[in-house]
Amino acid sequence: MSLRITTAAILTAWLCLAASCSSAPVFTTFPDKTGKQASFSLDMSDSTAVYALDLIGRFPKGRTQSRVALRIDITSPSGLKAGEEISLPAEYHSVKNAVCKQGDGRMETAATPTHYDISWRYRDNIRPSEYGIWTLTVSVPDKDDNILGTGVRLHKIQ
């Protein structure tokens, strides 16, 4: 098994263990610097559940930008659409320091020798207006060459 595959497996396992009662994170690595977009299916069919949703970003070590801009689009099971643009902290040392000081679980980090992942709590206490499979699309609207991939993790919190 190559070092890259081993490192990816360890990082994924860490993210899976980082939160209880959550699904495994789903992650997409961008194939190149164009078309930085990924879509994810979110199963929110349990009418008794309350959910939380985390976004995950992967960055190369040495990233200089302090924030990352993302476009979030969501489609309900019946086809209703909504979207927004957000900006999240993305410089490893400042996020790591915030995680150590606050420790509230809203941000998490993991690192390898070549890159690091940040997980941000995007939404808490989600009670979907429709139950079923939702589609979430994450896009990088600017020309940020320093984001290598993105992912999501859906938690049942109740």
Working to the nearest 0.5 Å, report the span between [atom1] of [X] and [atom2] of [Y].
X    : Y    : atom1 : atom2 : answer
L80  : E130 : CG    : CD    : 5.5 Å
L70  : W120 : CG    : CH2   : 6.0 Å
H155 : D124 : NE2   : CG    : 8.5 Å
D43  : Y131 : CG    : OH    : 13.0 Å
I86  : R67  : CD1   : CZ    : 9.5 Å
S139 : E85  : OG    : CD    : 9.0 Å

Does the side chain of [X] reach to within under 4.5 Å of the side chain of [Y], using non-hydrogen atoms?
X    : Y    : result
T75  : W134 : no
I72  : V138 : yes
L154 : D54  : no
T114 : K61  : no
T137 : Q37  : yes
T135 : F40  : no
L55  : V152 : yes

Where do [X] and [Y] come nearest, in terms of heavy atoms and distance?
X    : Y    : value
N146 : K36  : N-NZ, 4.4 Å
A69  : P141 : O-CD, 3.4 Å
M44  : I126 : SD-CG2, 4.1 Å
F59  : V68  : CZ-CG1, 4.1 Å
S41  : I133 : CB-CG2, 3.9 Å

What do the steps show when you test K81 against D73 for side chain to side chain contact (heavy atoms under 4.5 Å, CB included), and what is the final call? CA-CA 7 Å; K81 297 179 186 244; D73 292 295; over 6 Å; no
Stepwise, does the side-chain hydrogen bond (donor to acceptor under 3.5 Å, both in side chains) test hold for R153 with S119? CA-CA 9 Å; R153 181 175 50 215; S119 173; 3.3 Å; yes
For the side chain to side chain contact (heavy atoms under 4.5 Å, CB included) test, which of N125, L42, D46, I157 pairs with Y51?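 Checked N125, L42, D46, I157 against Y51; only one passes side chain to side chain contact (heavy atoms under 4.5 Å, CB included): D46.
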Any donor-acceptor pair under 3.5 Å from K156 side chain to V50 backbone: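 No; zero donor-acceptor contacts below 3.5 Å.
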Worked check of side chain to side chain contact (heavy atoms under 4.5 Å, CB included) between R58 and Y116: CA-CA 6 Å; R58 177 165 292 162; Y116 61 94; over 6 Å; no
Looking at R123 and E84, is there a salt bridge between them, counting it only when a charged N and a carboxylate O are closer than 4.0 Å?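 A salt bridge links E84 with R123.
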